[in-house]
Amino acid sequence: MTIQTIEAAYQQLWQSPLPQHVFQFDWSFLLLLFTCMFIFLLFCFMSGFSAKGAVILATFLGLLLATVGTSFVSRAESDDALDAEQLRYVIQQQQQIEKWKQEQVVPYFSTLPEEKRLLSAVQMDQAAVFSESTSDQARMIIAYPEGEQLITRKVIATNRIDLPAGSAPYVTFVTLQQPIGRMDQQTKEQLAEFWGSNEKVREYFAFPDEQFPKGVYHYTIHLPAGYTFATIKP
């Protein structure tokens with residue numbers, strides 16, 4: 001499996017057309033129209049208008065008021081319907097993307113070469129808020145030599161106490177050389193038009209430009225039994 005085939009599968013997820021509004025006749029217009037005409041007819045007769053004049057005036061005023069009233073109702077209902085359509089579309093896309101990750105991205109990561117670095121120090125990042133659902137993962141600060149430099153990184157890592165006491169700790173990871181799951185410009189523009197002014201949906205359900213940016217993934221820290229965490233100064 002190559003990045004090209006994974007990208008092609010991801011782009012295929014965005015080929016389905018975005019939901020469109022379907023016009024439906026609003027019967028509330030007729031109800032509001034006849035109600036307004038009846039009220040205006042009573043008013044006109046009570047005010048001394050002739051029968052013909054009363055009908056003409058009541059019809060004109062009824063149409064005017066019914067049109068204005070239903071426009072506000074229809075606008076509110078249209079906004080609600082758009083929210084529902086957006087949510088259904090987003091949920092469907094999220095499910096398809098998750099399936100794509102499990103079926104294509106996860107197996108690809110397993111083919112990447114694993115890199116290893118001996119660690120100079122390991123510190124638990126107490127300042128970070130731990131929110132990961134995987135129990136054996138934690139936010140850590142690690143330091144390791146890279147050439148003549150000492151690299152310090154804050155990472156989310158899987159921790160394994162699987163080395164004999166006194167052994168040197170080390171970290172393994174894989175490097176993604178190019179991003180996976182990139183959204184093309186046309187799709188971005190279509191989504192921007194689809195969201196419109198609905199900031200609520202855009203804020204909570206926006207899709208990233210890149211599902212997996214290039215960089216380092218799958219940190220695993222291997223520690224010896226009885227290891228004492230250090231304090232790494234920035």
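Quick note: numbers below take in every heavy atom, side chains included, and nothing from hydrogens, waters or symmetry partners. Keep in mind the model is a prediction, meaning the values are calculated, not measured.
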Seminar exercise, completed: Only one of Ile180, Ile3, Ile97 passes side-chain contact (heavy atoms from CB on, under 4.5 Å) with Val105, and that residue is Ile180
Exercise. If you take all heavy atoms of Pro164 and Pro224, which pair is closest and at what distance?
Worked result: O-CB, 3.1 Å
Seminar exercise, completed: For Leu118, the hydrophobic cluster (side chain heavy atoms closer than 4.5 Å, chained through members) also holds Leu163, Tyr170
For this session: Would you name the heavy atoms of Pro213 and Pro179 that are closest together and state the gap between them?
Result: CA-CB, 4.0 Å
Problem set entry | side chain to side chain donor-acceptor pair (under 3.5 Å) contacts touching residues 217-230 (sequence neighbours left out) | Arg153-Tyr219, Asp162-His222
Problem set entry | Minimum side-chain heavy-atom gap Ile221-Thr158 below 4.5 Å | no
Exercise. Same cluster for Ile141 and Leu150 if Ile/Leu/Val/Met/Phe/Trp/Tyr side chains link at under 4.5 Å?
Worked result: no
Seminar exercise, completed: d(Gln123 CD, Thr231 OG1) to nearest 0.5 Å is 5.0 Å
For this session: Please answer whether the main-chain N or O of Lys214 pairs with a side-chain N or O of Gln178 as donor and acceptor at a distance below 3.5 Å.
Result: no
Problem set entry | Candidates Gln104, Gln96, Gln211, Arg182 - the one meeting side-chain contact (heavy atoms from CB on, under 4.5 Å) with Tyr10 | Gln211
Exercise. Got a sec, which residues hit salt bridge (charged side-chain N to carboxylate O under 4.0 Å, His left out) with Asp209, two or more places apart in sequence or on another chain?
Worked result: Lys188
Problem set entry | With Tyr108 via ring-ring contact (aromatic ring centres under 6.0 Å, His included) - residues at least two apart | none
For this session: Kindly determine whether Asp184 and Gln11 satisfy side chain to side chain contact (heavy atoms under 4.5 Å, CB included), including the steps that lead there.
Result: CA-CA 8 Å; Asp184 59 35; Gln11 297 303 326; 3.3 Å; yes
Exercise. Donor-acceptor pair, Trp100 side chain versus Ile6 backbone, under 3.5 Å?
Worked result: yes
Problem set entry | Check: Met140 and Met124 side chains under 4.5 Å, non-hydrogen atoms | yes
Problem set entry | Partner set under side-chain contact (heavy atoms from CB on, under 4.5 Å) for Glu98, not counting sequence neighbours | Lys101, Gln102
Exercise. Can you find a pair of side-chain heavy atoms, one from Phe207 and one from Gln93, that are under 4.5 Å apart?
Worked result: yes
For this session: List in chain and number order the residues that pass salt bridge (charged side-chain N to carboxylate O under 4.0 Å, His left out) with Arg117, two or more places apart in sequence or in another chain; answer none if no residue qualifies.
Result: Glu115, Glu146
Problem set entry | Nearest heavy atoms of Val174 and Pro113, plus distance in Å | CG1-O, 3.7 Å
For this session: Please check if atom CD in Gln149 has more than 12 non-hydrogen atoms from other residues, nucleotides or ligands closer than 6.0 Å.
Result: no
Problem set entry | Residue pair Ile142, Thr152: steps toward the side chain to side chain contact (heavy atoms under 4.5 Å, CB included) verdict | CA-CA 6 Å; Ile142 59 176; Thr152 301; over 6 Å; no
